[in-house]
J.: 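Below is the structure I would like to discuss, written out as C-alpha coordinates.
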Amino acid sequence: NAGVTQTPKFQVLKTGQSMTLQCAQDMNHEYMSWYRQDPGMGLRLIHYSVGAGITDQGEVPNGYNVSRSTTEDFPLRLLSAAPSQTSVYFCASSYGTGILGNEQFFGPGTRLTVL
Amino acid sequence: KQEVTQIPAALSVPEGENLVLNCSFTDSAIYNLQWFRQDPGKGLTSLLLIQSSQREQTSGRLNASLDKSSGRSTLYIAASQPGDSATYLCAPESSNTGKLIFGQGTTLQVKP
(Lines give C-alpha, C1' and ligand atoms only; values in the text may rest on other atoms or scores of the structure.)
Protein backbone atom coordinates (compact mmCIF):
# COMPACT_ATOMS: atom_id res chain seq x y z
CA ASN A 1 0.00 0.00 0.00
CA ALA A 2 1.20 3.51 -0.81
CA GLY A 3 -0.73 4.90 2.17
CA VAL A 4 -1.61 8.60 1.88
CA THR A 5 -0.04 10.42 -1.07
CA GLN A 6 0.01 14.14 -1.78
CA THR A 7 0.97 16.12 -4.85
CA PRO A 8 2.71 18.40 -5.48
CA LYS A 9 5.44 18.37 -2.81
CA PHE A 10 6.25 22.05 -3.38
CA GLN A 11 4.34 24.88 -5.04
CA VAL A 12 4.85 28.61 -5.50
CA LEU A 13 1.85 30.72 -6.46
CA LYS A 14 1.22 34.37 -7.09
CA THR A 15 -1.51 36.18 -5.19
CA GLY A 16 -4.86 35.57 -6.84
CA GLN A 17 -3.95 32.35 -8.58
CA SER A 18 -5.93 29.20 -7.96
CA MET A 19 -4.73 25.64 -7.61
CA THR A 20 -5.68 22.19 -6.35
CA LEU A 21 -3.71 20.16 -3.87
CA GLN A 22 -4.19 16.47 -4.49
CA CYS A 23 -4.61 13.79 -1.82
CA ALA A 24 -5.21 10.09 -2.33
CA GLN A 25 -5.28 7.03 -0.08
CA ASP A 26 -5.41 3.34 -0.92
CA MET A 27 -6.49 2.01 2.48
CA ASN A 28 -10.25 2.23 1.87
CA HIS A 29 -10.55 4.80 4.65
CA GLU A 30 -13.84 6.63 5.02
CA TYR A 31 -12.52 9.62 6.98
CA MET A 32 -10.21 12.11 5.30
CA SER A 33 -9.10 15.54 6.39
CA TRP A 34 -6.89 18.48 5.49
CA TYR A 35 -4.70 20.37 7.96
CA ARG A 36 -2.36 23.29 7.66
CA GLN A 37 0.73 23.62 9.82
CA ASP A 38 2.17 27.02 10.66
CA PRO A 39 4.98 27.97 13.06
CA GLY A 40 3.57 28.80 16.48
CA MET A 41 0.05 27.72 15.46
CA GLY A 42 0.41 23.97 15.30
CA LEU A 43 -1.82 21.89 13.03
CA ARG A 44 -5.26 23.26 12.31
CA LEU A 45 -8.13 21.46 10.59
CA ILE A 46 -9.32 23.03 7.32
CA HIS A 47 -11.96 20.62 5.97
CA TYR A 48 -12.86 17.00 6.50
CA SER A 49 -14.98 14.26 4.98
CA VAL A 50 -16.66 11.26 6.62
CA GLY A 51 -17.28 9.52 3.31
CA ALA A 52 -17.79 10.01 -0.40
CA GLY A 53 -20.16 12.88 -1.07
CA ILE A 54 -19.96 14.27 2.50
CA THR A 55 -17.71 17.15 3.52
CA ASP A 56 -17.70 19.66 6.35
CA GLN A 57 -15.72 22.62 7.57
CA GLY A 58 -13.00 22.53 10.16
CA GLU A 59 -11.41 25.30 12.18
CA VAL A 60 -9.98 27.41 9.31
CA PRO A 61 -12.04 26.78 6.13
CA ASN A 62 -12.08 30.26 4.58
CA GLY A 63 -10.44 30.44 1.16
CA TYR A 64 -10.54 26.69 0.62
CA ASN A 65 -12.98 24.31 -1.07
CA VAL A 66 -13.15 20.53 -1.00
CA SER A 67 -15.16 17.77 -2.62
CA ARG A 68 -15.20 13.98 -2.19
CA SER A 69 -16.44 12.17 -5.26
CA THR A 70 -14.63 8.91 -4.48
CA THR A 71 -13.45 7.16 -1.31
CA GLU A 72 -9.84 7.41 -2.47
CA ASP A 73 -9.48 11.10 -3.35
CA PHE A 74 -9.93 14.30 -1.39
CA PRO A 75 -8.59 17.37 -3.27
CA LEU A 76 -8.22 20.78 -1.63
CA ARG A 77 -8.81 23.83 -3.82
CA LEU A 78 -7.43 27.28 -3.20
CA LEU A 79 -9.81 29.64 -4.95
CA SER A 80 -7.73 32.84 -4.97
CA ALA A 81 -4.40 32.39 -3.24
CA ALA A 82 -3.32 34.90 -0.59
CA PRO A 83 0.04 35.26 1.21
CA SER A 84 -1.72 34.19 4.43
CA GLN A 85 -2.18 30.76 2.85
CA THR A 86 1.57 30.18 2.76
CA SER A 87 1.87 27.04 4.85
CA VAL A 88 2.52 23.32 4.87
CA TYR A 89 -0.60 21.33 4.05
CA PHE A 90 -1.17 17.80 5.28
CA CYS A 91 -3.83 15.32 4.27
CA ALA A 92 -4.80 12.55 6.68
CA SER A 93 -7.09 9.54 6.64
CA SER A 94 -8.51 6.91 9.00
CA TYR A 95 -11.19 4.24 9.01
CA GLY A 96 -13.37 6.56 11.02
CA THR A 97 -13.46 8.50 14.24
CA GLY A 98 -14.85 8.03 17.69
CA ILE A 99 -14.98 5.15 20.09
CA LEU A 100 -13.27 2.72 17.75
CA GLY A 101 -10.08 4.66 18.36
CA ASN A 102 -8.99 4.91 14.77
CA GLU A 103 -5.38 5.70 13.99
CA GLN A 104 -4.82 8.65 11.68
CA PHE A 105 -2.37 8.32 8.79
CA PHE A 106 -0.75 11.42 7.35
CA GLY A 107 0.63 12.22 3.93
CA PRO A 108 4.10 13.76 3.40
CA GLY A 109 2.76 17.29 2.98
CA THR A 110 2.68 20.04 0.35
CA ARG A 111 4.76 23.13 0.99
CA LEU A 112 2.97 26.12 -0.50
CA THR A 113 4.35 29.63 -0.87
CA VAL A 114 2.12 32.47 -2.04
CA LEU A 115 3.97 35.56 -3.22
CA LYS B 1 -12.76 24.66 23.54
CA GLN B 2 -10.08 22.01 23.84
CA GLU B 3 -6.58 23.35 24.44
CA VAL B 4 -3.55 21.10 24.34
CA THR B 5 -0.23 22.00 25.93
CA GLN B 6 3.03 20.12 25.58
CA ILE B 7 5.89 20.64 27.99
CA PRO B 8 8.77 21.07 27.49
CA ALA B 9 8.78 22.79 24.08
CA ALA B 10 12.31 21.55 23.46
CA LEU B 11 14.57 18.99 25.08
CA SER B 12 18.19 18.01 24.53
CA VAL B 13 19.55 14.87 26.18
CA PRO B 14 22.59 12.60 25.82
CA GLU B 15 22.12 9.23 24.22
CA GLY B 16 20.92 6.48 26.53
CA GLU B 17 18.77 8.60 28.83
CA ASN B 18 15.20 7.72 29.68
CA LEU B 19 12.89 10.67 29.18
CA VAL B 20 9.30 11.78 29.60
CA LEU B 21 7.30 14.10 27.36
CA ASN B 22 4.18 15.68 28.80
CA CYS B 23 0.83 16.53 27.23
CA SER B 24 -2.06 18.20 29.02
CA PHE B 25 -5.54 18.94 27.70
CA THR B 26 -8.37 21.02 29.12
CA ASP B 27 -11.42 18.96 28.08
CA SER B 28 -11.55 15.38 29.34
CA ALA B 29 -14.37 14.47 26.94
CA ILE B 30 -12.17 12.52 24.55
CA TYR B 31 -12.45 9.27 22.61
CA ASN B 32 -8.73 8.67 22.48
CA LEU B 33 -5.33 10.34 22.39
CA GLN B 34 -2.70 9.82 19.74
CA TRP B 35 1.04 10.48 19.86
CA PHE B 36 2.83 11.34 16.62
CA ARG B 37 6.40 11.84 15.54
CA GLN B 38 7.38 14.43 12.92
CA ASP B 39 10.84 14.58 11.36
CA PRO B 40 11.98 17.92 9.85
CA GLY B 41 10.29 18.56 6.52
CA LYS B 42 8.23 15.38 6.77
CA GLY B 43 4.70 14.32 7.58
CA LEU B 44 3.42 12.90 10.85
CA THR B 45 3.93 9.28 11.80
CA SER B 46 1.58 7.71 14.33
CA LEU B 47 3.41 6.21 17.31
CA LEU B 48 0.72 5.18 19.76
CA LEU B 49 -3.04 5.54 20.14
CA ILE B 50 -4.63 5.20 23.58
CA GLN B 51 -8.37 4.78 23.83
CA SER B 52 -10.14 6.67 26.61
CA SER B 53 -10.82 3.41 28.47
CA GLN B 54 -7.13 2.48 28.52
CA ARG B 55 -4.41 3.62 30.92
CA GLU B 56 -1.38 2.96 28.74
CA GLN B 57 -0.01 1.59 25.50
CA THR B 58 3.45 0.27 24.71
CA SER B 59 5.39 -0.10 21.48
CA GLY B 60 9.03 -1.10 21.75
CA ARG B 61 10.90 1.54 23.74
CA LEU B 62 7.84 3.80 23.84
CA ASN B 63 5.18 3.81 26.53
CA ALA B 64 2.28 6.25 26.58
CA SER B 65 -0.02 6.73 29.55
CA LEU B 66 -3.36 8.48 29.79
CA ASP B 67 -5.14 9.97 32.80
CA LYS B 68 -8.32 11.28 31.22
CA SER B 69 -9.84 12.69 34.40
CA SER B 70 -6.83 14.89 35.09
CA GLY B 71 -6.33 15.76 31.42
CA ARG B 72 -2.81 14.38 31.13
CA SER B 73 -0.81 12.03 28.97
CA THR B 74 2.87 11.19 29.04
CA LEU B 75 5.16 9.60 26.46
CA TYR B 76 8.05 7.71 27.99
CA ILE B 77 11.05 6.95 25.78
CA ALA B 78 13.48 4.41 27.17
CA ALA B 79 17.18 4.34 26.34
CA SER B 80 17.01 7.25 23.91
CA GLN B 81 18.96 7.11 20.64
CA PRO B 82 20.03 9.82 18.16
CA GLY B 83 17.44 8.43 15.75
CA ASP B 84 14.73 9.47 18.22
CA SER B 85 15.49 13.13 17.45
CA ALA B 86 12.26 14.62 16.10
CA THR B 87 9.23 16.63 17.15
CA TYR B 88 6.63 14.72 19.14
CA LEU B 89 3.00 15.80 18.97
CA CYS B 90 0.02 14.70 21.03
CA ALA B 91 -3.57 14.97 19.81
CA PRO B 92 -6.67 14.05 21.78
CA GLU B 93 -9.81 13.32 19.75
CA SER B 94 -12.81 15.20 21.13
CA SER B 95 -15.89 13.09 21.83
CA ASN B 96 -17.98 16.22 21.25
CA THR B 97 -16.68 17.00 17.77
CA GLY B 98 -14.81 13.88 16.65
CA LYS B 99 -11.85 16.07 15.73
CA LEU B 100 -8.20 15.93 16.72
CA ILE B 101 -6.73 18.94 18.48
CA PHE B 102 -2.94 19.11 18.30
CA GLY B 103 -0.43 20.40 20.77
CA GLN B 104 2.51 22.52 19.61
CA GLY B 105 4.88 19.62 20.10
CA THR B 106 8.11 18.87 21.94
CA THR B 107 11.27 19.00 19.84
CA LEU B 108 13.71 16.37 21.04
CA GLN B 109 17.41 16.23 20.30
CA VAL B 110 19.35 13.16 21.39
CA LYS B 111 23.10 13.74 21.25
CA PRO B 112 25.50 10.85 20.51
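Every chain is numbered from 1 and lettered A, B, ... according to where its sequence line falls, protein lines coming before strand lines. Note that these values count all heavy atoms, side chains included, but never hydrogens, waters or copies made by symmetry.
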J.: Tell me, for B:Leu33 versus chain A, whether the close heavy atoms (under 4.5 Å) come from the side chain, the backbone, both or neither.
T.: neither

J.: Kindly compute the distance separating OG (A:Ser87) from CG (A:Leu112), expressed to the nearest 0.5 Å.
T.: 8.0 Å

J.: Please classify the contact between A:Arg44 and chain B as side chain, backbone, both or neither, with a heavy-atom cut-off of under 4.5 Å.
T.: neither

J.: So which of A:Gly58, A:Gly40, A:Ser33, A:Gly109 has the biggest tally of heavy-atom pairs under 4.5 Å with chain B?
T.: A:Gly40

J.: Is B:Phe36 close to B:Ser46 at the side-chain level, that is, under 4.5 Å between some pair of heavy atoms?
T.: yes

J.: Passes side-chain hydrogen bond (donor to acceptor under 3.5 Å, both in side chains), B:Asn63 versus B:Thr58? Steps please.
T.: CA-CA 4 Å; B:Asn63 176 277; B:Thr58 298; 2.7 Å; yes

J.: Please tell me whether A:Tyr48 and A:Tyr35 have a donor and an acceptor in their side chains that are separated by less than 3.5 angstrom.
T.: no

J.: Pick one of side chain, backbone, both or neither for B:Gln54, based on which atoms fall under 4.5 Å of a heavy atom in chain A.
T.: neither

J.: Within a strict 4.5 Å, meaning less than it, do heavy atoms of the B:Leu75 and B:Val20 side chains meet?
T.: no

J.: When rounded to the nearest 0.5 angstrom, what is the spacing between CG in B:Asp84 and CG in B:Leu19?
T.: 7.5 Å

J.: Between B:Gln51 and B:Gln57, do the side chains contain a donor N or O and an acceptor N or O under 3.5 Å apart?
T.: no

J.: Please classify the contact of A:Gln6 with chain B as side chain, backbone, both or neither, using a heavy-atom distance under 4.5 Å.
T.: neither

J.: Go through the atoms of A:Phe105 and report whether side chain, backbone, both or neither lie under 4.5 Å from a heavy atom of chain B.
T.: neither

J.: Report which part of A:Leu45 has an atom under 4.5 Å of a heavy atom belonging to chain B: side chain, backbone, both, or neither.
T.: side chain

J.: If you measure only the distance, is there a donor-acceptor pair under 3.5 Å linking the side chains of A:Arg77 and A:Ser67?
T.: yes

J.: Looking only at heavy atoms, which of residues 95-107 of chain B get nearer than 4.5 Å to chain A?
T.: B:Gly98, B:Lys99, B:Leu100, B:Phe102, B:Gln104

J.: Going by distance alone, is a donor N or O of one side chain under 3.5 Å from an acceptor N or O of the other, for B:Ser65 and B:Thr74?
T.: yes

